[in-house]
J.: 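Below: one structure in structure tokens.
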Amino acid sequence: MVIETERLLLREMTDDDFHALFKVLSDSDTMQHYPYTFDEKRVREWIERNIQRYMVLGFGLWAVCLKETGEMIGDCGLTMQLINGEIKPEIGYHIRADKQRKGYAKEAAIAVRDWTFNNTPFNVVYSFMRYSNEASARTAMSYGCKQVDEFPDEINEITKVFAISKDEWINR
């Protein structure tokens, strides 16, 4: 499965993506709003978990690659997440620090949103993040979401939840 945008290719991750993904998930600046940065073991488990998701669910976080060079610069995709006590479809994204603020997360998230509404039965997709993660909140809003919830939790202190419905997407 490959999703193509103007500048990106989103494809299933493989074990060969370890080094590129390690650069993203082990970076303390990129992961500053996540509960931890990833070590080698966690990155390998991340890849394996997504490979399992592709087989079981037909989706997961996909490798975000520059179309021009094939270079993997992060991940973006659809996962099922526990959000304020309910399992919901969530678009998540991580982009390597030197490739941030170039619109890649927005471009990838739009592609995942469109793929989700065209290929799954979900009528709403979500993005959630730590209250202080303004960049992720801006990305969620850039692909059409609005804030729909905010709640205290142990991991994020306060979590903000953004969402867009299929009807909002159709009528945008």
Side-chain angles (χ1 to χ4, degrees), residues 1-27 30-31 33-96 99 104-130 133 136 139-140 143-145 153 155-156 159 161-166 169-170:
M1 200 264 344
V2 175
I3 299 172
E4 188 173 337
T5 71
E6 182 181 338
R7 302 179 296 165
L8 304 172
L9 295 173
L10 280 68
R11 59 160 176 78
E12 292 183 358
M13 286 183 211
T14 70
D15 291 331
D16 293 338
D17 294 316
F18 170 78
H19 293 291
L21 192 58
F22 184 79
K23 287 180 186 175
V24 178
L25 300 179
S26 68
D27 180 75
T30 299
M31 302 303 286
H33 300 287
Y34 208 76
Y36 49 82
T37 56
F38 285 50
D39 59 16
E40 287 186 13
K41 181 177 184 251
R42 281 188 165 135
V43 173
R44 291 188 194 287
E45 290 170 348
W46 189 262
I47 293 169
E48 184 56 37
R49 192 164 45 253
N50 281 292
I51 291 170
Q52 290 298 317
R53 287 173 175 151
Y54 308 147
M55 289 189 290
V56 174
L57 301 171
F59 55 82
L61 290 170
W62 293 300
V64 174
C65 303
L66 298 176
K67 188 189 284 188
E68 194 171 288
T69 64
E71 177 186 13
M72 182 187 185
I73 61 166
D75 64 12
C76 182
L78 184 69
T79 59
M80 300 306 294
Q81 296 290 333
L82 182 63
I83 303 174
N84 203 11
E86 294 181 43
I87 301 292
K88 297 179 178 183
E90 195 245 355
I91 296 175
Y93 30 83
H94 304 95
I95 300 294
R96 197 174 69 210
K99 298 298 182 184
Y104 293 129
K106 173 185 177 180
E107 190 172 329
I110 286 170
V112 171
R113 176 204 64 199
D114 294 352
W115 181 91
T116 300
F117 287 139
N118 284 316
N119 296 283
T120 73
F122 301 124
N123 290 314
V124 179
V125 290
Y126 299 84
S127 284
F128 74 107
M129 70 276 316
R130 183 183 182 110
N133 192 341
S136 278
T139 297
Y143 81 83
C145 289
D153 71 46
I155 296 172
N156 289 327
T159 293
V161 182
F162 293 79
I164 182 172
S165 71
K166 190 170 189 174
W169 171 71
I170 290 169

J.: Rounded to the nearest 0.5 Å, what's the gap from CD1 on I164 to CZ on F117? Could you check?
T.: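 One finds 5.5 Å between CD1 of I164 and CZ of F117.
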J.: If you look at every heavy atom in Y143 and Y93, which pair is closest and at what distance?
T.: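 Heavy-atom minimum between the residues: CE2-CE2, 4.3 Å.
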J.: Does T5 offer a backbone N or O that forms a donor-acceptor pair with the side chain of K67 under 3.5 Å?
T.: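 Side chain of K67 to backbone of T5, a donor-acceptor pair under 3.5 Å: yes, one is there.
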J.: Should I87 and Q81 be marked as a side-chain contact (heavy atoms from CB on, under 4.5 Å) after you check the CA-CA gap, both sets of side-chain angles, and the distance that decides it?
T.: CA-CA 5 Å; I87 301 292; Q81 296 290 333; over 6 Å; no
J.: With the threshold set at 4.0 Å, does a side-chain nitrogen-carboxylate oxygen contact exist between K41 and E45?
T.: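 Yes, charged N to carboxylate O under 4.0 Å.
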J.: Pick one: which of V125, V124, N123 meets side-chain contact (heavy atoms from CB on, under 4.5 Å) with S165?
T.: V124
J.: How far apart are the closest heavy atoms of R113 and G144, and which atoms are they?
T.: NH1-N, 4.4 Å
J.: Do the non-hydrogen side-chain atoms of D114 and I110 ever get within less than 4.5 Å of each other?
T.: yes
J.: Show me the donor-acceptor pairs, under 3.5 Å and distance only, between side chains in residues 53-64 and residues at least two apart or in other chains.
T.:
unit_1, atom_1, unit_2, atom_2, d
R53, NH1, N50, OD1, 2.9
Y54, OH, M13, N, 2.9
Y54, OH, L61, O, 2.5

J.: Could you tell me which non-hydrogen atom of T37 sits nearest to which non-hydrogen atom of R42, and how far apart they are?
T.: O-NH1, 3.9 Å
J.: Rounded to the nearest 0.5 Å, what separation is found between the CD atom of E86 and the CE atom of M80?
T.: 10.5 Å
J.: Roughly how far, to the nearest 0.5 Å, is the CD1 atom of I91 from the SG atom of C76?
T.: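 One gets 6.5 Å once the value is rounded to the nearest 0.5 Å.
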J.: Tell me, with the steps shown, if L8 and L66 meet side-chain contact (heavy atoms from CB on, under 4.5 Å).
T.: CA-CA 5 Å; L8 304 172; L66 298 176; 4.0 Å; yes
J.: Holding to salt bridge (charged side-chain N to carboxylate O under 4.0 Å, His left out), I want the full list of residues that pass it with E107, two or more places apart in sequence or in another chain.
T.: R7
J.: Answer yes or no: is there a side-chain heavy-atom contact under 4.5 Å between E71 and C65?
T.: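 The answer is no; the side chains never approach within 4.5 Å.
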J.: Mind running side-chain contact (heavy atoms from CB on, under 4.5 Å) on N84 and V161 for me, showing each step along the way?
T.: CA-CA 9 Å; N84 203 11; V161 182; 5.6 Å; no
J.: Return the minimal non-hydrogen interatomic distance between G74 and V24, and the atom names on each side.
T.: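 Looking at all heavy atoms of both residues, the closest pair is CA-CG2, 4.0 Å.
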J.: Does any non-hydrogen side-chain atom of D75 lie less than 4.5 Å from one of L21?
T.: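 A side-chain contact under 4.5 Å exists here.
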J.: Establish, yes or no, whether the cationic atom of K88 lies under 6.0 Å from the six-membered ring centre of Y126 and within 45° of the ring axis.
T.: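 Cation-pi check for K88 and Y126: passes.
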J.: Hey, could you give me the CZ/CD1 distance between F128 and I83, rounded to the nearest 0.5 Å?
T.: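 Reported value, rounded in 0.5 Å steps: 5.0 Å.
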J.: Atom CZ in R96, atom NE2 in H94: separation rounded to 0.5 Å?
T.: 15.0 Å
J.: Going from CD on E12 to CD1 on I3, what distance comes out if it is rounded to the nearest 0.5 angstrom?
T.: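 Separation between the atoms: 10.0 Å.
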J.: Counting only heavy atoms not in K99, do more than 12 fall under 6.0 Å of its NZ?
T.: yes
J.: For the pair K23 and D17, find out whether any cationic side-chain nitrogen is under 4.0 Å from an anionic carboxylate oxygen.
T.: no
J.: Applying side-chain contact (heavy atoms from CB on, under 4.5 Å), run through E48 and Q52 and close with a yes or a no.
T.: CA-CA 6 Å; E48 184 56 37; Q52 290 298 317; 3.0 Å; yes
